[in-house]
Trainee: 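Sharing a structure below in structure tokens format, with a few things to ask.
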Protein chains: 2
Amino acid sequence: MIIFHEYMNPIHGFAMAIIDRTHLTMVLAIQEHGSLTAAADALHITQSALSHALKKLEDQLGVTLFRRESRKLFLTQAGEYLLSVANRLEPQLAYAEDRLKQFARGERGNLRIGMECHPCYQWLIKLVGPYLESWPDVDVDVKQKFQFGGMGALFGYEIDMLVTPDPLYKEELHFEPVFDYEQVLVVNNKHRLAKTDYVNPEALSDEVLITYPVAKERLDIFSLFLMPAGIAPKSHKLIETTDVMLQMVASGRGVTALPRWLVEEYAEKLNIVPVRLGKKGVPKQIFVGVRKDDLAIRYIKDFIEFAKARKKG
Amino acid sequence: MIIFHEYMNPIHGFAMAIIDRTHLTMVLAIQEHGSLTAAADALHITQSALSHALKKLEDQLGVTLFRRESRKLFLTQAGEYLLSVANRLEPQLAYAEDRLKQFARGERGNLRIGMECHPCYQWLIKLVGPYLESWPDVDVDVKQKFQFGGMGALFGYEIDMLVTPDPLYKEELHFEPVFDYEQVLVVNNKHRLAKTDYVNPEALSDEVLITYPVAKERLDIFSLFLMPAGIAPKSHKLIETTDVMLQMVASGRGVTALPRWLVEEYAEKLNIVPVRLGKKGVPKQIFVGVRKDDLAIRYIKDFIEFAKARKKG
DNA sequence: GAAATATAATCATTTATATTCATGTTTTGT
DNA sequence: ACAAAACATGAATATAAATGATTATATTTC
């Protein structure tokens, strides 16, 4: 029996779409189990419900999906086609649902990390490898340039995590220190200051100072050391990368300021020496900040744990 | 807000599948129109309904799909993913639905034609070309061997249409004559019977009769001509194909019986001549039969019209 | 060949779900 | 400050779906 049934003008509901996921699972179950009764069992509904659902679908489409022959059902051409569609699409829906639940559990996602502290990059790189291993379904993305600063990027959902030496305590954000270190002066090992215990700001007025190309306020050597003493270096050179910067220092072209742990690492290969800034040194802290809401996401919370566990002093 | 909501043990309904086609269209509409209100309009539901539906989906999945920022919505990572799924799968569902409706209108399908009449094959072939052109979404399949005969194949849904000279009037079947023709004797043009107006059965008792390899009861030359007169040919050769059969006749190896129109076609190339069987000739009819239910299918009904329009006498 | 069994269809009713309506809250624009 | 626009919420209601009981029919079993 073929009924030409026009499904029209539904006042309620998502308009005229007929085929639904339930219809796919329905056809799959009937085919798999060979009868309405068995299929209904598998779907945890009654035979009656399934019979109704099937009939309704057939009526709405205006096509017979199963030929009823005595008490058995056989797929018609249309049914065969719908089955093939179901076989193809239903697993994809199921898979999508699984993945979304992974998102829900915080097991899948894309962690976009912003860096506001040049030398921290070296530290981060060492962290990322093991982290990616323990979160195989999380991708990490590191960004370093922000139109409205790292905070703006965090607020604007441009990044999900900010690595910075300057936390900003705001209601919506959560900052946590991940490691302490000492900011030191770096000089060539034959430099006149190489053997001293510490340097005073005045000692730098004759030096070429090399830094990353960012505002002076964001450079600790200026904000915490030179500017309080009212001193300026002989000249100021800007260099992008840590490697080149240290090559310059090693070949006696100037001095720079970096974390002590980083200098010690490079000291194995280059002729450079760390020297304390001032009698007491310049202590620093690095923080990671996230949006408070995101602390519920496991892979984000776990990244912070990872970071704290790998302190470098 | 992330809610860890376990959706469990539903007593009713199709178990635990969450994502539905409505959810796909929902996400697509929100994305396309940029706001719940506009999307709801497009879906012909109220803003409230859409808000409820979205919230419910998010609760069930336990994941936020849209970040609400002031009065605007932005996709989260999970939402982005669901959108990509929706973009991929929803059109496929819509397409499947379209095709099923084509089935319903009888515009798409597979027409399996069974042949129980050897020479009809030539006639059918000429029909199929134009038919396929006017029904681009219908495939035609021609079968010639049936374990339980043509009728059995029709009943058993092995074929959808039977071309036969012997209709069987049954409740569930519908037969219709598609063309009338005369069954004639075919002889070499130098044959002693070539110039006669007609032949009597006795005239064949000295001839080699060539036929298709089927039961004698199904051969008109036997059932309608020789057997009623109690005559048998000198010998009986079985040949599968019409072409070879007529080559044999043309080279004087025997005679055969075929539709007049078919003989006239071959007579242009081969030295063969049709001769009337008996004073009145042997009139025949070819029928096509289908299951009565299938008459509602347009491409099937139309095939019969095609056939009748291309009569060959 | 009769009884038992299995399957699907149907009907009336209950239950569940989806949608609306009325309203509240927040944000935006003037 | 105020109106308009956008989303959220709760209660009421409309729609859809599932159930339970029953019927019809075909297969299996004895």
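Only heavy atoms go into these numbers, but all of them, side chains included; no hydrogens, no water, no symmetry mates. To find a chain, count down the sequence lines: A is the first, B the second, and so on, and within it residues start at 1.
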Trainee: Any donor-acceptor pair under 3.5 Å joining the side chain of B:T46 to the base of C:dC21?
Mentor: no

Trainee: Does B:L75 reach the side chain of B:F66, with side-chain heavy atoms less than 4.5 Å apart?
Mentor: yes

Trainee: Taking CZ from B:F66 and P from D:dA6, how many angstroms apart are they, rounded to a whole number?
Mentor: 16 Å

Trainee: Please determine, for the side chain of B:L73, which listed nucleotide (C:dA9, C:dA22, D:dC7) has the closest atom?
Mentor: D:dC7

Trainee: Would a distance-only check, ignoring hydrogens and angles, find a side-chain to backbone donor-acceptor pair under 3.5 Å from A:Q47 to A:L36?
Mentor: no

Trainee: Once salt bridge (Lys or Arg N to Asp or Glu O under 4.0 Å) is applied, what residue pairs with a partner in residues 136-150 of chain B remain, sequence neighbours excluded?
Mentor: B:R108-B:D137

Trainee: Among pairs that include at least one residue of residues 49-118 of chain A, which meet disulfide bond (SG atoms under 2.5 Å apart), considering only residues two or more places apart or in two chains?
Mentor: A:C117-A:C120

Trainee: With sequence neighbours excluded, what pairs up with B:H174 under the ring-ring contact (aromatic ring centres under 6.0 Å, His included) test?
Mentor: none

Trainee: What is the separation between atom CG on A:L36 and atom C1' on C:dT10, rounded to the nearest whole Å?
Mentor: 14 Å

Trainee: Could you check how far CG of B:L54 sits from P of C:dT17, rounded to whole Å?
Mentor: 18 Å

Trainee: Counting the atoms with a prime plus P, OP1 and OP2 as sugar-phosphate, which does B:S35 contact under 4.0 Å by heavy atoms, base, sugar-phosphate, or nothing?
Mentor: sugar-phosphate

Trainee: Please name all residues satisfying side-chain contact (heavy atoms from CB on, under 4.5 Å) with B:A42, sequence neighbours left out, ordered by chain then number.
Mentor: B:H33

Trainee: If you only use heavy atoms from C-beta on, which nucleotide in C:dT19, C:dA8, D:dT9 is closest to the side chain of B:S48?
Mentor: D:dT9

Trainee: Tell me if the side-chain of B:H52 makes a donor-acceptor pair with the base of D:dC7, cut-off 3.5 Å, by modelled atom types.
Mentor: no

Trainee: Taking the nucleotide of DNA chain D with the nearest heavy atom to each, does A:D20 or A:K72 sit closer to the 5' end?
Mentor: A:D20

Trainee: Starting from the first five and the last five pairs of the helix from C:dG1-D:dC30 to C:dT30-D:dA1, work out the angle between the resulting helix axes, to 10 degrees.
Mentor: 30°

Trainee: Name the closest nucleotide to the B:K56 side chain, picking from C:dT17, C:dT19, C:dT10.
Mentor: C:dT17

Trainee: Nearest-Å distance, NE2 (B:H23) to P (C:dA18)?
Mentor: 7 Å

Trainee: Measuring to OP1 and OP2 of C:dA8, would you say a side-chain N or O of A:T37 lies under 4.0 angstrom away?
Mentor: yes

Trainee: Who pairs with B:Q31 by side chain to side chain donor-acceptor pair (under 3.5 Å), at least two apart in sequence or on another chain?
Mentor: none

Trainee: Can you list everything that forms a salt bridge (charged side-chain N to carboxylate O under 4.0 Å, His left out) with A:D98? Sequence neighbours excluded, please.
Mentor: none

Trainee: Would you list the protein and nucleotides 3-5 of chain C atom pairs, both N or O, that sit under 3.5 Å from each other?
Mentor:
none

Trainee: Between B:R68 (CZ) and D:dT9 (C1'), how many Å, whole number?
Mentor: 13 Å

Trainee: Separation of B:K55 atom NZ from C:dT20 atom P, in whole Å?
Mentor: 19 Å

Trainee: With salt bridge (Lys or Arg N to Asp or Glu O under 4.0 Å) as the test, would you mind laying out the steps for B:E58 and B:R68 before giving the verdict?
Mentor: CA-CA 13 Å; B:E58 290 185 323; B:R68 277 75 162 175; 3.0 Å; yes

Trainee: So, using side chain to side chain donor-acceptor pair (under 3.5 Å) as the criterion, who are the partners of B:R218 when residues are at least two apart?
Mentor: none

Trainee: Heavy atoms from C-beta onward define the side chain here; which of C:dT10, C:dT20, D:dC7 lies closest to that of B:I45?
Mentor: C:dT20

Trainee: With sequence neighbours left out, write down each residue that passes salt bridge (charged side-chain N to carboxylate O under 4.0 Å, His left out) with B:R112, or none if nothing qualifies.
Mentor: B:D160

Trainee: Any salt bridge (Lys or Arg N to Asp or Glu O under 4.0 Å) involving residues 20-48 of chain A? Give me the pairs, sequence neighbours left out, ordered by first then second residue.
Mentor: A:R21-A:E90, A:R21-A:E97

Trainee: Separation of A:L43 atom CG from D:dT19 atom C1', in whole Å?
Mentor: 15 Å

Trainee: Measure the distance from CG on A:D41 to P on D:dA18 and round it to the nearest whole Å.
Mentor: 15 Å

Trainee: Distances under 3.5 Å between protein N/O atoms and the N/O atoms of nucleotides 23-25 of chain C, please, pair by pair.
Mentor:
none

